[in-house]
Amino acid sequence: MQAAEMQETETGRRVRDDIRNVAIIAHVDHGKTTLVDGLLKQSHIFRDNQQVGELIMDSNELERERGITILAKNTAIIYRGIKINIIDTPGHADFGGEVERVLNMADGCLLLVDAVEGPMPQTRFVLKKALELGLRPIVVINKIDRADARQQVLDWTQDLFLDLATRDDQLDFPVLYAIAREGIARRAPDDDNDDLEPLFETIVNVVPAPEVEVDGPFQMLVTTLDYDDYKGKYAIGRITRGRARPGMAVAHISREGELARGRIGQVFTWRGLARVEVDEAAAGDIIALTGIANANISDTIADFDTPEALPTLAIEEPTLKMTFGVNTSPFGGREGKFSTSRQLRARLYRELETNVSMRVEDGSTADEFIVSGRGELHLSILIETMRREGYELQVSRPEVITHNDDGKVMEPMERLVIDTREAYIGAISETLAIRKGRMANMVYDGQGNVRLEYDIPTRGLIGFRNAFLTLTQGNGAMSSMLTGYSPWLGSIGTSRNGVLIASEAGVAVTYGLNNAQQRGQTFIEPGTPVYEGM
Ligand code: GDP
């Protein structure tokens, strides 16, 4: 960093004009990966023989398949000597708390909106947080090449801002039009620009440069954590004040205010998608540091002699719990590399190192563990990740975690948003009514599509996704997010009609399955070994 790049202000703080920190907010499939990929390519961070797309694909197989961002990751690009840290925000509200934390590292946000779908409920939630934090917004309407791109998307986006803006100047946001897939951003939908230059320029001009005390005592709030077997824990955050260097003695102040002394191991910043080791990083930049083994989200790492804590960040409570147990079926131990309770226990407790909203307790027997998380998706992702790592386990049906508020039982509530065809409204309403859902909004688009919004207890959503796919024959999309707690809404009728159980051990055959299918849905294929009672 050169002195010329920093302008001194009256307060002794300096504007670091060589850095911009921008969060990217997008609904699943609106083109976030494609856009970041384009920015990386056009910023020439990679050698020509490196495949940016492949690097992105590498980041997490499960995320790619599910089409959501599970863990917010950072990317850094260089544009005209300015480093732009792009802070990814999780694409699902089960990770809501993480959203708020990572937004804290940014000074601006880029809202990416699909030119057909328009803004979606989860982006609304994230944008609301971003505006509350005072981030300067930029809107990018993507996929304008699509034949069904809708003019109204800009109006919808403007309405959204009218609803959510906390300051007048947030209504005055720049809008760009993009074809991320071709690496194009335009200031007007029909100009003929053919690269992402307008977007780079807008980011640099609109997102404020960090204004920080570079020469003060070091101070950083831990915002996210990462872990690997070689270096152990990485504490990730934006340096609020001062500088970080490898080997530097520091104070570690926990969320609860306990003070410990420690030493930074290595310091990393981002370059492209990779973390690179550096000799020094200064306030305003986003870094990862090793060496603080028991660092936790919302702890402060500070100067050794000036151990001042930063304000803590909210960490959200889990809403659902499930029992994870050793597979006790007669086929136990056949499918996974790791199937003992000791292995399962170690893996679950390791998850707590980085997954802040997760809780693990020992269960009623040595073979069982109670795992609590932020929703079905949060838990199912852990299960799927463990399965891929070679763990074999059995899980119970999820149960909601209630609160006690002055003697009243309170349960978590969600806002459910469904996009589907009008023809399915009846079936969906009926099913949701049984599950204690209350319709909050219904919007027709005049072309046979409808958007339904419901307030529904988290309990009522358990297992609903499958029912929904069957009801709509795949013609629908649904998403939900936690909105708060409500007094217990009473018992929910179950829609489970019965189960099919194998009457003897052996291997399933087509003939037998055909018979079973006349009575219900089967989950196994011909050739699958079955045990009696399965
Ligand atoms: P993400 O889930 O937000 O990361 O979305 P992706 O970047 O994976 O994009 C989702 C899909 O939209 C992919 O199939 C992309 O090829 C496609 N896509 C991205 N940008 C554009 C675009 O500008 N035009 C069109 N037609 N498709 C796009």
Side-chain angles (χ1 to χ4, degrees), residues 22-43 46 51-75 77 86-95 98-99 102-103 109-127 130 137-151 153-154 157 160 175-200 202-203 272-273 377 381 417 419 477-479 481:
V22 63
I24 183 160
I25 303 173
H27 189 72
V28 176
D29 259 4
H30 285 195
K32 181 168 70 179
T33 313
T34 314
L35 188 72
V36 172
D37 190 28
L39 288 168
L40 279 166
K41 278 185 186 137
Q42 293 185 29
S43 71
F46 294 95
Q51 290 290 323
V52 184
E54 283 173 13
L55 288 175
I56 291 183
M57 299 291 279
D58 279 351
S59 55
N60 185 328
E61 197 187 332
L62 183 55
E63 290 185 358
R64 297 303 316 156
E65 278 172 27
R66 292 242 184 176
I68 53 166
T69 310
I70 299 165
L71 286 171
K73 284 177 294 275
N74 298 333
T75 309
I77 53 180
I86 300 177
I87 303 155
D88 197 357
T89 58
H92 192 281
D94 275 10
F95 310 102
E98 191 175 352
V99 168
V102 297
L103 288 174
C109 64
L110 212 133
L111 176 69
L112 185 65
V113 182
D114 182 296
V116 179
E117 288 194 339
M120 299 293 278
Q122 281 147 3
T123 47
R124 179 191 170 94
F125 166 81
V126 184
L127 181 67
I138 298 169
V139 170
V140 178
I141 297 183
N142 187 34
K143 309 196 190 181
I144 55 163
D145 59 313
R146 282 183 59 171
D148 47 353
R150 292 192 264 205
Q151 221 72 58
V153 165
L154 181 57
T157 309
L160 184 65
V175 180
L176 296 169
Y177 300 85
I179 310 173
R181 213 162 54 181
E182 293 169 32
I184 293 175
R186 295 175 176 155
R187 294 183 192 278
D190 47 3
D191 73 24
D192 57 4
N193 185 62
D194 66 356
D195 60 17
L196 291 170
E197 194 64 22
L199 180 55
F200 282 111
T202 308
I203 293 174
L273 293 159
L377 189 70
I381 282 171
V417 180
D419 283 299
M478 59 166 273
S479 59
M481 56 177 248

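Order of appearance sets the numbers: ligands from 1, and atoms from 1 within every ligand.
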- Message: I'd like to check whether Ala180 has a polar contact with ligand 1, where a contact means an N/O of the residue lying under 3.5 Å from an N/O of the ligand.
- Response: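 By distance alone, the answer is yes.
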
Using a 4.0 Å cut-off to any heavy atom of [X], which atoms of ligand 1 qualify?
{"X": "Lys32", "answer": "1 (P), 3 (O), 4 (O), 5 (O), 7 (O)"}
{"X": "His27", "answer": "3 (O)"}
{"X": "Gly31", "answer": "1 (P), 3 (O), 5 (O), 6 (P), 7 (O), 9 (O)"}
{"X": "Ile179", "answer": "23 (O)"}

- With atom 25 (C) of ligand 1 as the reference point, say which of Leu112, Ile184, Asp148, Asp145 has the nearest heavy atom.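 Checking each option, the heavy atom nearest atom 25 (C) of ligand 1 is found in Asp145.
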
Between [X] (side chain) and [Y] (backbone), is there a donor-acceptor pair under 3.5 Å?
{"X": "Thr89", "Y": "Ile24", "answer": "yes"}
{"X": "Arg150", "Y": "Val116", "answer": "yes"}
{"X": "Gln42", "Y": "Asp195", "answer": "no"}

- Message: Run the side-chain contact (heavy atoms from CB on, under 4.5 Å) test against Ala185 and tell me which residues pass, sequence neighbours left out.
- Response: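 Checked Ala185 against side-chain contact (heavy atoms from CB on, under 4.5 Å); matches are Leu196, Leu199.
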
- Task: Apply side-chain contact (heavy atoms from CB on, under 4.5 Å) to Thr157 and list each qualifying residue two or more places apart in sequence or on a separate chain.
- Result: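 By the side-chain contact (heavy atoms from CB on, under 4.5 Å) rule, Thr157 matches Leu111, Val113, Pro119, Val139, Val153, Phe161.
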
- Heavy atom under 4.0 Å from ligand 1: found in Arg146's side chain, backbone, both, or neither?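 For Arg146, only side-chain atoms sit under 4.0 Å from ligand 1.
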
- Task: Tell me which part of Asp37 gets within contact of ligand 1: side chain, backbone, both or neither, using heavy atoms under 4.0 Å.
- Result: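 Looking at Asp37 and ligand 1, no heavy atom falls under 4.0 Å.
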
- Message: So that I can tick it off, tell me whether Asp88 and Lys32 are bridged by a salt bridge, with the cut-off set at under 4.0 angstrom between side-chain N and carboxylate O.
- Response: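 Result for this pair is yes, salt bridge flagged.
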
- Item | salt_bridge(Arg187, Asp191) N-O dist < 4.0 Å |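 Between Asp191 and Arg187 there is no salt bridge, as every charged N stays at least 4.0 Å from the carboxylate O atoms.
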
- Check if Glu182 has a non-hydrogen atom at a distance under 4.0 Å from any atom of ligand 1.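 Per 4.0 Å heavy-atom rule, Glu182 does not contact ligand 1.
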
